[in-house]
Amino acid sequence: MPLALFVVLLLLTACGGAHLPQSTLTPASDFSADLFGLFKTVFWWAVAVFIVVEALLLIALARFRARPGAAAPKPVHGHTVLEIGWTLAPALILVFIAVPTMRTIFATAGHAPEGALRVEVIGHQWWWEYRYPTLNISASNELHIPVQTPIQLEMTSADVIHSFWVPRLGGKRDLIQGRTNRIAWRVDSTGEYWGQCAEFCGASHANMRLRVVVQSDSVFQRWVDQQRTAPATPAKGSAAEAGQQVYRRSPCIACHTIAGLSQGKVGPDLSHLGSRATIAGALFPNTTEMLRRWIMNAPALKPGALMTPQNLSPQDLDAVVAYLQSLK
Ligand SMILES: [Cu+2]
(Lines give C-alpha, C1' and ligand atoms only; values in the text may rest on other atoms or scores of the structure.)
Protein backbone atom coordinates (compact mmCIF):
# COMPACT_ATOMS: atom_id res chain seq x y z
CA MET A 1 0.00 0.00 0.00
CA PRO A 2 2.67 2.60 0.92
CA LEU A 3 4.46 1.61 -2.30
CA ALA A 4 1.30 2.18 -4.35
CA LEU A 5 0.81 5.60 -2.72
CA PHE A 6 4.41 6.48 -3.48
CA VAL A 7 4.00 5.53 -7.15
CA VAL A 8 0.78 7.59 -7.41
CA LEU A 9 2.50 10.62 -5.86
CA LEU A 10 5.43 10.19 -8.23
CA LEU A 11 3.08 10.06 -11.24
CA LEU A 12 1.11 13.09 -10.02
CA THR A 13 4.26 15.21 -9.82
CA ALA A 14 4.40 14.90 -13.61
CA CYS A 15 1.25 17.04 -13.71
CA GLY A 16 3.08 20.05 -12.25
CA GLY A 17 5.43 22.35 -14.13
CA ALA A 18 5.93 25.89 -15.26
CA HIS A 19 2.92 25.92 -17.58
CA LEU A 20 -0.39 27.30 -16.45
CA PRO A 21 -2.86 24.60 -15.47
CA GLN A 22 -4.92 23.10 -18.29
CA SER A 23 -8.15 22.30 -16.51
CA THR A 24 -11.66 21.99 -17.85
CA LEU A 25 -12.89 22.57 -14.28
CA THR A 26 -12.07 26.30 -14.40
CA PRO A 27 -13.92 27.38 -17.56
CA ALA A 28 -13.14 30.80 -19.00
CA SER A 29 -15.35 30.99 -22.09
CA ASP A 30 -19.01 30.47 -22.99
CA PHE A 31 -18.02 27.22 -24.77
CA SER A 32 -16.22 25.71 -21.78
CA ALA A 33 -18.86 27.02 -19.33
CA ASP A 34 -21.51 25.09 -21.31
CA LEU A 35 -19.41 21.93 -21.14
CA PHE A 36 -18.74 22.38 -17.43
CA GLY A 37 -22.45 22.95 -16.76
CA LEU A 38 -23.28 19.68 -18.51
CA PHE A 39 -20.52 17.91 -16.59
CA LYS A 40 -22.02 19.09 -13.29
CA THR A 41 -25.54 18.01 -14.32
CA VAL A 42 -24.39 14.49 -15.20
CA PHE A 43 -22.16 14.33 -12.13
CA TRP A 44 -25.01 15.12 -9.68
CA TRP A 45 -27.34 12.65 -11.38
CA ALA A 46 -24.60 10.03 -11.01
CA VAL A 47 -24.21 10.93 -7.32
CA ALA A 48 -27.98 10.55 -6.77
CA VAL A 49 -28.04 7.16 -8.55
CA PHE A 50 -25.02 6.01 -6.52
CA ILE A 51 -26.61 6.99 -3.21
CA VAL A 52 -29.96 5.32 -3.99
CA VAL A 53 -28.41 2.10 -5.33
CA GLU A 54 -25.88 1.78 -2.50
CA ALA A 55 -28.55 2.53 0.11
CA LEU A 56 -30.85 -0.18 -1.30
CA LEU A 57 -27.94 -2.60 -1.42
CA LEU A 58 -26.99 -1.93 2.22
CA ILE A 59 -30.61 -2.23 3.38
CA ALA A 60 -30.99 -5.54 1.51
CA LEU A 61 -27.73 -6.83 2.97
CA ALA A 62 -28.79 -5.98 6.49
CA ARG A 63 -32.41 -7.10 6.30
CA PHE A 64 -32.17 -10.27 4.30
CA ARG A 65 -28.85 -11.72 5.44
CA ALA A 66 -28.84 -15.40 6.41
CA ARG A 67 -29.38 -15.85 10.13
CA PRO A 68 -29.12 -19.15 12.03
CA GLY A 69 -32.53 -20.67 12.44
CA ALA A 70 -34.30 -18.20 10.15
CA ALA A 71 -36.47 -19.53 7.35
CA ALA A 72 -35.43 -18.98 3.73
CA PRO A 73 -36.89 -15.68 2.40
CA LYS A 74 -39.94 -15.90 0.15
CA PRO A 75 -38.95 -15.37 -3.53
CA VAL A 76 -40.93 -12.64 -5.26
CA HIS A 77 -41.80 -12.86 -8.92
CA GLY A 78 -43.55 -10.33 -11.14
CA HIS A 79 -44.02 -7.37 -8.75
CA THR A 80 -45.78 -5.00 -11.18
CA VAL A 81 -45.24 -1.77 -9.23
CA LEU A 82 -41.52 -2.48 -8.74
CA GLU A 83 -41.00 -3.42 -12.38
CA ILE A 84 -42.73 -0.32 -13.71
CA GLY A 85 -40.80 1.75 -11.16
CA TRP A 86 -37.35 0.56 -12.10
CA THR A 87 -38.09 0.86 -15.81
CA LEU A 88 -39.51 4.39 -15.58
CA ALA A 89 -36.95 5.85 -13.18
CA PRO A 90 -33.85 5.20 -15.36
CA ALA A 91 -35.78 6.31 -18.48
CA LEU A 92 -36.64 9.60 -16.78
CA ILE A 93 -33.08 10.09 -15.57
CA LEU A 94 -31.85 9.52 -19.13
CA VAL A 95 -34.26 12.17 -20.39
CA PHE A 96 -32.96 14.65 -17.79
CA ILE A 97 -29.41 13.91 -19.03
CA ALA A 98 -30.21 13.75 -22.77
CA VAL A 99 -31.98 17.10 -23.01
CA PRO A 100 -29.11 19.22 -21.58
CA THR A 101 -26.63 17.09 -23.57
CA MET A 102 -28.40 17.84 -26.87
CA ARG A 103 -28.67 21.50 -25.89
CA THR A 104 -24.91 21.64 -25.23
CA ILE A 105 -24.09 19.83 -28.48
CA PHE A 106 -26.00 22.47 -30.46
CA ALA A 107 -24.68 25.37 -28.36
CA THR A 108 -21.06 24.33 -28.97
CA ALA A 109 -21.47 23.32 -32.62
CA GLY A 110 -19.23 26.18 -33.69
CA HIS A 111 -21.59 28.71 -35.25
CA ALA A 112 -20.52 32.15 -34.17
CA PRO A 113 -22.89 35.11 -34.43
CA GLU A 114 -22.67 37.50 -37.38
CA GLY A 115 -19.65 39.78 -37.19
CA ALA A 116 -17.45 37.39 -35.16
CA LEU A 117 -13.69 37.66 -35.68
CA ARG A 118 -12.68 34.86 -38.05
CA VAL A 119 -9.42 32.99 -37.51
CA GLU A 120 -8.28 30.16 -39.75
CA VAL A 121 -6.36 27.56 -37.75
CA ILE A 122 -4.07 25.25 -39.72
CA GLY A 123 -2.42 22.29 -38.01
CA HIS A 124 1.09 21.32 -39.07
CA GLN A 125 3.47 18.66 -37.77
CA TRP A 126 4.03 20.12 -35.14
CA TRP A 127 2.91 23.69 -34.89
CA TRP A 128 -0.15 25.88 -35.36
CA GLU A 129 -0.70 28.49 -37.99
CA TYR A 130 -3.33 31.22 -37.54
CA ARG A 131 -4.62 33.42 -40.35
CA TYR A 132 -6.90 36.36 -39.76
CA PRO A 133 -8.52 36.81 -43.20
CA THR A 134 -10.38 40.00 -42.31
CA LEU A 135 -7.34 41.62 -40.69
CA ASN A 136 -4.89 40.39 -43.31
CA ILE A 137 -2.33 39.06 -40.80
CA SER A 138 -1.08 35.66 -39.70
CA ALA A 139 0.65 34.23 -36.65
CA SER A 140 2.12 30.99 -35.34
CA ASN A 141 1.55 29.00 -32.17
CA GLU A 142 0.38 31.99 -30.14
CA LEU A 143 -3.23 32.83 -30.89
CA HIS A 144 -4.09 36.43 -30.00
CA ILE A 145 -7.78 37.28 -29.64
CA PRO A 146 -9.76 40.14 -28.10
CA VAL A 147 -11.67 39.54 -24.87
CA GLN A 148 -15.50 39.42 -24.72
CA THR A 149 -15.66 39.15 -28.51
CA PRO A 150 -17.24 36.33 -30.50
CA ILE A 151 -14.47 34.39 -32.25
CA GLN A 152 -14.97 31.95 -35.10
CA LEU A 153 -12.16 29.42 -35.49
CA GLU A 154 -12.18 27.63 -38.85
CA MET A 155 -9.84 24.70 -38.63
CA THR A 156 -8.09 22.47 -41.11
CA SER A 157 -4.80 20.58 -41.41
CA ALA A 158 -1.82 20.78 -43.76
CA ASP A 159 -0.88 17.15 -43.16
CA VAL A 160 -2.27 14.57 -40.70
CA ILE A 161 -5.20 14.89 -38.29
CA HIS A 162 -4.60 17.15 -35.29
CA SER A 163 -6.97 18.26 -32.58
CA PHE A 164 -7.23 21.76 -31.16
CA TRP A 165 -7.79 21.82 -27.42
CA VAL A 166 -7.52 24.64 -24.91
CA PRO A 167 -9.10 23.07 -21.81
CA ARG A 168 -10.11 26.35 -20.14
CA LEU A 169 -11.64 27.74 -23.35
CA GLY A 170 -12.99 24.76 -25.26
CA GLY A 171 -12.39 22.16 -27.96
CA LYS A 172 -11.28 19.51 -28.59
CA ARG A 173 -12.02 19.60 -32.26
CA ASP A 174 -10.21 17.74 -35.02
CA LEU A 175 -8.29 19.46 -37.80
CA ILE A 176 -8.64 17.37 -40.94
CA GLN A 177 -7.12 18.00 -44.34
CA GLY A 178 -9.73 19.05 -46.90
CA ARG A 179 -12.37 19.77 -44.27
CA THR A 180 -13.24 22.77 -42.16
CA ASN A 181 -14.30 22.21 -38.56
CA ARG A 182 -15.45 25.09 -36.45
CA ILE A 183 -15.24 26.35 -32.90
CA ALA A 184 -17.04 29.47 -31.73
CA TRP A 185 -16.28 31.04 -28.39
CA ARG A 186 -16.18 34.24 -26.45
CA VAL A 187 -13.58 34.44 -23.69
CA ASP A 188 -14.60 36.04 -20.38
CA SER A 189 -11.36 37.60 -19.21
CA THR A 190 -7.95 38.65 -20.47
CA GLY A 191 -4.97 36.42 -19.81
CA GLU A 192 -3.01 33.49 -21.07
CA TYR A 193 -4.49 30.08 -21.73
CA TRP A 194 -2.53 26.98 -22.61
CA GLY A 195 -3.59 24.19 -24.88
CA GLN A 196 -2.21 21.44 -27.03
CA CYS A 197 -2.85 19.00 -29.80
CA ALA A 198 -5.15 16.24 -28.57
CA GLU A 199 -4.95 13.78 -31.47
CA PHE A 200 -1.86 11.64 -31.93
CA CYS A 201 -0.11 13.13 -34.95
CA GLY A 202 3.41 11.68 -34.98
CA ALA A 203 6.71 11.74 -33.15
CA SER A 204 6.32 15.18 -31.57
CA HIS A 205 2.57 15.13 -30.94
CA ALA A 206 3.22 15.69 -27.24
CA ASN A 207 5.35 18.72 -28.15
CA MET A 208 2.60 20.43 -30.12
CA ARG A 209 1.55 23.00 -27.58
CA LEU A 210 -0.24 26.27 -28.09
CA ARG A 211 -0.83 29.47 -26.22
CA VAL A 212 -3.89 31.69 -26.43
CA VAL A 213 -3.34 35.31 -25.46
CA VAL A 214 -6.62 37.06 -24.71
CA GLN A 215 -6.28 40.83 -24.77
CA SER A 216 -8.37 43.94 -24.25
CA ASP A 217 -9.53 45.58 -27.49
CA SER A 218 -6.86 48.27 -27.43
CA VAL A 219 -3.97 45.88 -26.67
CA PHE A 220 -5.22 43.49 -29.35
CA GLN A 221 -5.41 46.34 -31.87
CA ARG A 222 -1.81 47.30 -31.04
CA TRP A 223 -0.74 43.70 -31.65
CA VAL A 224 -2.59 43.66 -35.00
CA ASP A 225 -0.88 46.90 -36.05
CA GLN A 226 2.49 45.45 -35.05
CA GLN A 227 1.86 42.28 -37.10
CA ARG A 228 0.92 44.37 -40.12
CA THR A 229 4.12 46.37 -40.00
CA ALA A 230 7.21 44.87 -41.64
CA PRO A 231 10.02 44.33 -39.11
CA ALA A 232 12.46 47.23 -38.80
CA THR A 233 15.66 47.05 -40.86
CA PRO A 234 18.59 46.29 -38.52
CA ALA A 235 20.90 49.23 -37.79
CA LYS A 236 24.08 49.46 -39.88
CA GLY A 237 26.97 47.59 -38.30
CA SER A 238 24.78 45.94 -35.62
CA ALA A 239 24.89 42.25 -34.72
CA ALA A 240 21.34 42.00 -36.08
CA GLU A 241 22.49 43.28 -39.46
CA ALA A 242 25.26 40.67 -39.59
CA GLY A 243 22.62 38.09 -38.62
CA GLN A 244 20.39 39.23 -41.45
CA GLN A 245 23.25 38.54 -43.89
CA VAL A 246 23.74 35.06 -42.40
CA TYR A 247 19.99 34.41 -42.68
CA ARG A 248 19.96 35.61 -46.30
CA ARG A 249 22.55 33.04 -47.39
CA SER A 250 21.33 30.20 -45.14
CA PRO A 251 18.93 27.39 -46.07
CA CYS A 252 16.47 28.97 -43.59
CA ILE A 253 15.00 31.11 -46.40
CA ALA A 254 13.67 28.04 -48.20
CA CYS A 255 11.26 27.23 -45.37
CA HIS A 256 10.55 30.44 -43.47
CA THR A 257 8.95 33.76 -44.28
CA ILE A 258 10.38 37.02 -43.04
CA ALA A 259 8.42 39.93 -44.52
CA GLY A 260 10.44 41.60 -47.25
CA LEU A 261 13.19 38.95 -47.21
CA SER A 262 12.01 35.39 -47.73
CA GLN A 263 8.76 33.59 -48.47
CA GLY A 264 9.16 29.97 -47.34
CA LYS A 265 5.94 28.26 -46.34
CA VAL A 266 7.20 25.06 -44.68
CA GLY A 267 7.88 26.44 -41.20
CA PRO A 268 6.36 29.26 -39.17
CA ASP A 269 6.52 32.88 -40.35
CA LEU A 270 9.38 34.53 -38.44
CA SER A 271 8.53 38.16 -39.32
CA HIS A 272 7.65 38.96 -35.70
CA LEU A 273 9.40 36.16 -33.85
CA GLY A 274 11.00 38.60 -31.40
CA SER A 275 7.54 39.55 -30.09
CA ARG A 276 6.58 35.98 -29.20
CA ALA A 277 6.99 34.51 -25.73
CA THR A 278 7.67 30.98 -26.96
CA ILE A 279 9.28 29.11 -29.86
CA ALA A 280 9.03 25.66 -31.45
CA GLY A 281 5.29 25.09 -31.14
CA ALA A 282 4.98 27.04 -27.87
CA LEU A 283 7.32 24.43 -26.39
CA PHE A 284 10.23 26.55 -25.14
CA PRO A 285 10.55 30.09 -23.82
CA ASN A 286 11.84 32.52 -26.45
CA THR A 287 15.23 33.11 -24.84
CA THR A 288 18.71 33.56 -26.34
CA GLU A 289 19.79 30.20 -24.96
CA MET A 290 16.79 28.29 -26.35
CA LEU A 291 17.00 30.01 -29.74
CA ARG A 292 20.69 29.01 -29.99
CA ARG A 293 19.99 25.40 -29.08
CA TRP A 294 16.96 25.27 -31.37
CA ILE A 295 18.83 26.59 -34.43
CA MET A 296 21.81 24.32 -33.82
CA ASN A 297 19.82 21.12 -33.45
CA ALA A 298 16.02 21.32 -33.56
CA PRO A 299 15.35 17.56 -33.88
CA ALA A 300 17.31 16.95 -30.68
CA LEU A 301 14.82 19.16 -28.81
CA LYS A 302 11.71 18.09 -30.69
CA PRO A 303 11.90 14.59 -32.21
CA GLY A 304 10.97 14.50 -35.88
CA ALA A 305 11.16 18.28 -36.37
CA LEU A 306 11.66 19.04 -40.07
CA MET A 307 14.20 21.79 -39.36
CA THR A 308 17.63 20.29 -39.99
CA PRO A 309 20.55 21.00 -37.63
CA GLN A 310 22.41 24.14 -38.78
CA ASN A 311 26.16 24.13 -38.97
CA LEU A 312 26.92 27.73 -37.99
CA SER A 313 30.06 29.22 -36.49
CA PRO A 314 29.52 30.61 -32.97
CA GLN A 315 29.74 34.18 -34.35
CA ASP A 316 27.17 33.50 -37.08
CA LEU A 317 24.88 31.81 -34.57
CA ASP A 318 25.04 34.80 -32.20
CA ALA A 319 24.36 37.14 -35.11
CA VAL A 320 21.33 35.16 -36.35
CA VAL A 321 19.90 34.99 -32.83
CA ALA A 322 20.35 38.77 -32.47
CA TYR A 323 18.60 39.26 -35.81
CA LEU A 324 15.66 36.99 -34.92
CA GLN A 325 15.25 38.74 -31.57
CA SER A 326 15.15 42.10 -33.37
CA LEU A 327 12.10 40.96 -35.38
CA LYS A 328 9.40 42.52 -33.23
CU1 LIG B 1 -1.07 15.81 -32.20
Side-chain angles (χ1 to χ4, degrees), residues 11 14-25 27-29 31-32 35 108-110 119-132 138-145 151-185 187 192-214 255-256 264-270 273 276-286 290 293-294 297-309:
L11 288 175
C15 304
H19 299 294
L20 293 172
Q22 298 188 148
S23 171
T24 50
L25 304 182
S29 76
F31 185 120
S32 52
L35 288 191
T108 58
V119 187
E120 295 167 6
V121 182
I122 300 145
H124 296 261
Q125 282 174 315
W126 292 272
W127 58 283
W128 309 89
E129 180 184 355
Y130 309 113
R131 295 183 191 155
Y132 300 70
S138 63
S140 303
N141 299 319
E142 299 183 353
L143 173 63
H144 288 247
I145 49 173
I151 309 289
Q152 174 81 78
L153 303 179
E154 299 169 359
M155 306 184 298
T156 188
S157 169
D159 37 55
V160 300
I161 300 177
H162 303 277
S163 178
F164 186 88
W165 191 35
V166 185
R168 294 198 59 202
L169 303 185
K172 335 160 157 162
R173 200 143 290 165
D174 282 0
L175 291 81
I176 302 166
Q177 208 180 35
R179 256 191 80 107
T180 303
N181 283 342
R182 291 182 168 75
I183 286 181
W185 68 37
V187 183
E192 232 183 80
Y193 302 90
W194 283 85
Q196 61 191 72
C197 181
E199 178 74 51
F200 181 69
C201 57
S204 268
H205 161 61
N207 296 326
M208 191 171 166
R209 303 182 61 93
L210 67 103
R211 200 174 154 250
V212 181
V213 184
V214 181
C255 297
H256 290 287
K265 294 278 179 238
V266 179
D269 186 322
L270 303 178
L273 181 76
R276 286 182 217 149
T278 56
I279 59 166
L283 191 56
F284 304 115
N286 188 4
M290 283 321 301
R293 287 176 58 193
W294 179 250
N297 195 348
L301 297 174
K302 191 172 168 184
L306 287 180
M307 187 161 124
T308 50

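Order of listing sets the numbers, starting from 1, for every ligand and every atom in it.
- Counting just the N/O/S atoms of H205, the one with the shortest distance to the Cu ion (ligand 1) is named ND1.
- Residue contact annotation: H162 places no N/O/S atom under 2.8 Å from the Cu ion (ligand 1).
- Using the six-membered ring where Trp is involved, H205 and F200 have ring planes that are perpendicular, over 60° apart on the 30 and 60° scheme.
- Geometry at the Cu ion (ligand 1): SG/C201 and SG/C197 form an angle of 120°, nearest 10 degrees.
- Between W294 and F284, the angle of the ring planes lies from 30° to 60°, which puts this pair in the tilted group.
- Residues R211 and E142 are paired through a salt bridge, judged by an N-O separation under 4.0 Å between the basic side chain and the carboxylate.
- Side-chain contact check for N181 versus F164: every heavy-atom pair is 4.5 Å or farther apart.
- With respect to the Cu ion (ligand 1), E199 has O as its nearest N, O or S atom.
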